[in-house]
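By convention in this document, chain letters (A, B, ...) are assigned in the order of the sequence lines, proteins followed by strands, and residues within each chain are numbered from 1. Note that these values count all heavy atoms, side chains included, but never hydrogens, waters or copies made by symmetry.
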Protein chains: 2
Amino acid sequence: MSDQFSVIGKKVARIDAVDKTTGGAKYAPDLNVRGMLHAALLRSPHPHARVLKIDATRAKSLKGFRAMVTIEELPRVVGYWFLLRSEKKEKDMFLRDNAVRFIGDPVLAVAAEDEETALKAVSMIEVSYEPLPSILDPNDALDRKDVKIHEKGNTAFHVTKHFGNIEQGFREADYVVENRFVTSKQKHASLEPIGTCIAEFDAAGKLTVHTSTQLPNWSQIYLARALGLPNTKVRIIKPYTGGAFGGRCGLIHGLEVMCSFLSRKAGKPVRMSFSRSEDFIGTETRHPMTIDIKTGVTKEGILTANSIKILANAGAYSTHTVGVLADCLSTGVGLYRCPNVFFDAAAVYTNQSLTGAFRGYGNPQLNFAQESQMDIIARDLGVDPVELRLKNYRGLGEIDPIFVDEIRSDGLKECLSKASEAFGWKDKTSRRRAEGAKKRGVGMAIMLHGTGAAGALPDPASATVMISSDGSVHLVTAASDEGQGNRTALAQITAEELGVPFEQISVSMPDTDVTPLDGGTHGSRQTYAGGLAVKKAAEDAKRKLLAFASEQLGTSEGDLGTKDGIIFKVRDPSVRLKIGDLMRRIQIGDMSICQQVIGVSSGVAPAMPGYYGATFVEVEVDTETGEVRVVKVVGAFDVGKAINPSNIEGQITGGAVMGIGWALTEELLLREGKILNDSFRDYRILRACDVGEIVPIIVESNEPTGPFGAKGVGEGTMVGVAPAVANAIYDAIGVRMKELCITPEKLLEALDRIGGVKN
Amino acid sequence: MSDQFSVIGKKVARIDAVDKTTGGAKYAPDLNVRGMLHAALLRSPHPHARVLKIDATRAKSLKGFRAMVTIEELPRVVGYWFLLRSEKKEKDMFLRDNAVRFIGDPVLAVAAEDEETALKAVSMIEVSYEPLPSILDPNDALDRKDVKIHEKGNTAFHVTKHFGNIEQGFREADYVVENRFVTSKQKHASLEPIGTCIAEFDAAGKLTVHTSTQLPNWSQIYLARALGLPNTKVRIIKPYTGGAFGGRCGLIHGLEVMCSFLSRKAGKPVRMSFSRSEDFIGTETRHPMTIDIKTGVTKEGILTANSIKILANAGAYSTHTVGVLADCLSTGVGLYRCPNVFFDAAAVYTNQSLTGAFRGYGNPQLNFAQESQMDIIARDLGVDPVELRLKNYRGLGEIDPIFVDEIRSDGLKECLSKASEAFGWKDKTSRRRAEGAKKRGVGMAIMLHGTGAAGALPDPASATVMISSDGSVHLVTAASDEGQGNRTALAQITAEELGVPFEQISVSMPDTDVTPLDGGTHGSRQTYAGGLAVKKAAEDAKRKLLAFASEQLGTSEGDLGTKDGIIFKVRDPSVRLKIGDLMRRIQIGDMSICQQVIGVSSGVAPAMPGYYGATFVEVEVDTETGEVRVVKVVGAFDVGKAINPSNIEGQITGGAVMGIGWALTEELLLREGKILNDSFRDYRILRACDVGEIVPIIVESNEPTGPFGAKGVGEGTMVGVAPAVANAIYDAIGVRMKELCITPEKLLEALDRIGGVKN
């Protein structure tokens, strides 16, 4: 199929590859602005307290001290862009009080002439707190009436949904199984710590902020509202970013707002940069959840009822909690067509650190429970786990009950067949286990994840395509690239649509002064939603291009095609014209025209197509040490159409590593609200040498609403990994690990509990 | 008339006023890029020579030396954008050889880790030259066959035009007068020296250049061609600029190309910055001209014949010479409707420093000759000089013979009546002169100048208007602002057209990666051509805005108006809607739309309307010292419609000062090809205390092709000043000064020649 395309489906190198690999690329911490001050934060040592008094007398006498702001002076952003929809809702975006709610919650920030002075000043400031009773265990949050973390109470969000008749469903079941699954507090691990910005107010009151936000446009609006400015008085410029994974999905708590207030006060640019420790302590994390799942199936393995109860720990402030819990339902539960569903999800505030968006949103948590549960069912019924999935998943032509939209593309069957073959599923499930202390086992899981957020959240995408006088093309878009390569994919879409060589496409970086409205890079949306906008803008430019060409060639526009920088008559390619020659004439040569061909588009994607994936994992469990080694992962994902297969393979590989990390090693540990492992020495992300073979498989189902058939893939690649690992562990040693992370300690303890290896 | 407008015609403060007046604005010399190297040039000490050998051995051993480029390795830009029209013409843009053609011509450039090392390295490089015979006097250029400054010879350009029958015209004349006028080599005096850039090649081969060019888009193309790159691999970013006056109308000789080659070689960003002396010596200047003008008139004062012969000194390289000479004809000669015209203009190369564009192009030179000549005629015929102009100028409804277009707006009569009244022309011409050494006199001149270059040069203008979700507006344009305030005028046009408060408009700075094609800031064009593009883009946005509004309000789009951020039904203003509310709904609130309203436009202006002006000057001549003091200037200009009267008053005032400078003090002095006065101590521009009262008068004639009736004004304000000064000197002491500058020495000498004061 890809033969019909010039550059779509090709493994072209990323447009930023050379710049990044040679060290030329500038990330936020590399930026500097002449005359900038340096900021440091004072963070709360208490999990919950009221700030009574701040004495900065000594600090202010330091040479080089320039300004201070405290939490009392400024609003803290505690919502997300759904709240921007109306003036009324918008008020809930912001919180303004003198309470701190977790250890590490910023109390104040100081700007000084250098970082050392800023840190010293902070150390010299005396803050009097009134310590308040705190809630550290989410299970206490609803019961304890003596502690009110937020004015409205300790419930961050609560939702209940019924589909069908749950009691009826259980009555119809031949087999009912109920389990509790618990997931951990995972932290985004970017190349550079999350949290560097430079804020600069000019004398006229316009603010420019350099920051690695995934949401340049929404962050612009957040900041404008926080500062009481028109949107156009705030300019967000985004540099290269070393991975975001949801961790930059909004303003960073304590970063941009504080830095901007400091700059306004000091009348100078201010740089604020979190240390790695501050990143671990003070920025958002994945919501830990406790999920009770009760499932009924017929003896043929058909799901009849599914009851899911979630208690999520939202931590001290809740930005993305609503969306995260909604995602548990829409794609987590929505994966299966079970007719009778009861869904009850609550999120509570605790005096733990922040939660927010994290690759997969709520889907990985729910999927861990669901896909562990499916594995239990398969084993109990003696059905092949792959078969059980095939029998129950919601696929092509069916209606997604949440957004009431048809499923128009579905590559899951192909994912399962290709992945199981590449994995050797049949061999490995029938193979006898090795003797000795190290046991091998295999497991699998499937997943569904949504592309973008059309209909669920405000989700605009826009693009401008400007053809230059030599036929090369400027693509102007605010679609930010967190490192996954979507700018390259957008360049490919532009090149393909216009028939211009890929190398001649320049792609802007987000800069809200000049790049048009974009919903941000989240929800696996940029290739799809951003790609659609880019394609439409390119179509608009192409229409204008061909109108000029048809005039010159004396043909009708409909007869013309473009490829490799040439416009030609499709039925007689000898009638042709270089795009560059035409553009030169239009823009420069013919002085009565002097027009640049500019294409533009803005709007929302027509759907939120789900993309499917299947992950197969082989593990080796050391029954003596409790260590689990992942030997092999095969991940197959239905991306609709692979715009750039290299990018997607990168996503699948990276998603596998992140998923294994979440399963086995990545967990923030807290003691009395304090994060204990605030460094990469103690918080272990997996290195290349820690994981075995990873085989990425791309499946193309051709999503009809997508650009060239594409849909998303970024987040889903990590979603099914943890349950596949847990299922493989069960396969290896007969231990069902229902709690993440699966540490050696927990594993040995569980093994002990069942009295040794069972399989 | 201005009452109908919200912000058009209002003296709103410039959008960059606060930033600039408080020192926050960054000009090119304020920029730095981390890790940048510093460049220094080695300039030729010979007026004409061939470079035989360059020995940089010693320099290269210097610690901190990083790279060197020589003129032999790179093309020099010697043309302007008219040559970009075709591949064939384009070749003439560039010159590549080893000759230097003026004292100060760059031979090589060195990049080093700091500026000191770069300068030291340059001082250690030994260059062997073969000195060649040189031509310093333009009168020699055509005769001397032994010297060939350029391969094609010493004629830079030669054009002859006939209109009517010149012999017949002189036969019909009752009176014929012939004079020779000589103008001087004026230098643009920007706040910061012309010639600072930072060039940075990224590892992937994309070049970013920060430079204060008046022509961001053309400079992008020049550089792309010079470096052999697609246009989109060159990014030009323009910072604030402290005045350009034509001196930045293209790439700067030796600056961007050399700096870019250095960056490519060194693999690092490179900063090159000319000193004030280098600016004087090495950048472009106004073409000095010798103009022989022979005019025939009837006894009633009607022009019957005008013969003009120009010899222009183009200096060593000729970028804008063709345009400059064309302008002598089109607006200089075109001012009067004389039916029989002979025009012969030649420009010759000499081994003097560069010439190029300079406020007024060739018009000031021709106008000095023409308007001095008209004063001579008026005095000889005993006609009031104002009357003589009114009888002969080409005005409303007449056809401009050069571009064969109708004159659609003409405020000259109003300029003359208002200016002469404000000046007290009648009183002052009839008043008796004071006794003593100091004599007063009055003089006047008129002028016509073209707006933009539509039809004469490629002259595109484009804009994108993006409405933000709170109704504030981003205007994206590459229309660069040299300090005259056109970004503010464009913001006013956007605000007016959309009905949005002016304060809510953000205007981009030129950045060729994201701002659409613009012909640059030259030819008094931005308010007109740029303004038209902006207005059209705003109209496009408004159409889309009103389509949404009409749906919401249940009215037809045609019934709706906008003002102050409100959309309302014109016949029932209680039916209304805030633009911000509508935009919030469209972009964020209604998740099925999520569309940003983006308006776009690109194209050429429909005309090149002429704008008129009249300048009245009173001087006081000290007959003992020869010093001339300008006591009062009244300048009245027909701007079509004043978008921002403050900006225009600034132009009129600044133009008056520059015109007086050109008349009295501003002249580069050369001895054997060497510029002697390469500092502001020796090259005297006038200070506020050096000039008397300046009264700016704005006349509005409503140009039907212009945005809200506007046409240009920037350049013309200086055009008539010098002849008005010369005419006033004649009025004061009876001495006809035909050569600029009018220095005390020349004046005393001339006074001597006629034997003392005559009036």
Tested for side chain to side chain contact (heavy atoms under 4.5 Å, CB included) against A:Val514, the lone hit among B:Thr464, B:Thr477, B:Val476, B:Leu475 is B:Val476

Among the options [options], pick out the one with the most heavy-atom pairs lying under 4.5 Å from chain B.
{"options": "A:Ser602, A:Ala533, A:Pro606", "value": "A:Ser602"}
{"options": "A:Gly471, A:Ala17, A:Ala204, A:Gly580", "value": "A:Ala204"}
{"options": "A:Ala605, A:Gly267, A:Pro516", "value": "A:Pro516"}

Is the backbone of A:Asp30 close enough, under 3.5 Å, to the side chain of B:Arg34 for a donor and an acceptor to pair up by distance? yes

Note to self: Could you check whether any side-chain N or O of B:Asn231 sits under 3.5 Å from a backbone N or O of A:Ser468, counting only pairs where one atom can act as donor and the other as acceptor?
What the structure shows: no

Quick one: what part of [X] sits under 4.5 Å from any heavy atom of chain A, side chain, backbone, both or neither?
{"X": "B:Ser462", "answer": "side chain"}
{"X": "B:Ser601", "answer": "backbone"}
{"X": "B:Ala224", "answer": "neither"}

Review point. Charged N to carboxylate O under 4.0 angstrom, A:Lys26 versus B:Glu200?
Key: yes

Does some side-chain heavy atom of [Y] sit less than 4.5 Å from a side-chain heavy atom of [X]?
{"X": "A:Asp16", "Y": "B:Asp202", "value": "no"}
{"X": "B:Trp218", "Y": "A:Ile588", "value": "yes"}
{"X": "A:Met466", "Y": "B:Leu517", "value": "no"}
{"X": "B:Glu87", "Y": "A:Asp581", "value": "yes"}

Taken in chain and number order and not counting sequence neighbours, the residues that satisfy salt bridge (Lys or Arg N to Asp or Glu O under 4.0 Å) with A:Asp513 are A:Lys206, A:Arg235

Taken in chain and number order and not counting sequence neighbours, the residues that satisfy salt bridge (Lys or Arg N to Asp or Glu O under 4.0 Å) with B:Lys536 are none

Taken to the nearest 0.5 Å, the spacing of A:Ile467 CD1 from B:Thr232 OG1 works out to 11.5 Å

Rounded to the nearest 0.5 Å, the NZ atom of B:Lys233 sits from the CD atom of A:Gln504 at a distance of 9.0 Å

Can you tell me which of [options] forms the most heavy-atom pairs within a distance under 4.5 Å of chain A?
{"options": "B:Gly519, B:Ala454, B:Ala456", "result": "B:Ala456"}
{"options": "B:Ile15, B:Thr22, B:Val600, B:Asn32", "result": "B:Asn32"}
{"options": "B:Ala25, B:Ser472, B:Ser506", "result": "B:Ser472"}
{"options": "B:Ile505, B:Ile586, B:Thr512", "result": "B:Thr512"}

Taking every heavy atom of A:Ala203 against every heavy atom of B:Asp19, the minimum-distance pair comes out as N-OD1, 3.8 Å

Turns out that what part of A:Ala453 lies under 4.5 Å from chain B's heavy atoms comes down to neither

Applying a strict 4.5 Å limit to non-hydrogen atoms, the region of A:Leu31 in contact with chain B is backbone

Across all chains, not counting sequence neighbours, the side-chain hydrogen bond (donor to acceptor under 3.5 Å, both in side chains) partners of A:Glu90 are A:Arg225, B:Arg584

Listed by number, the residues in residues 591-598 of chain B that come under 4.5 Å of chain A (heavy atom to heavy atom) are B:Met591, B:Ser592, B:Ile593, B:Cys594, B:Gln595, B:Gln596, B:Ile598

Margin query: Pair A:Ile221, B:Ser469 - check side-chain contact (heavy atoms from CB on, under 4.5 Å), show working.
Written below: CA-CA 8 Å; A:Ile221 302 176; B:Ser469 63; 3.3 Å; yes

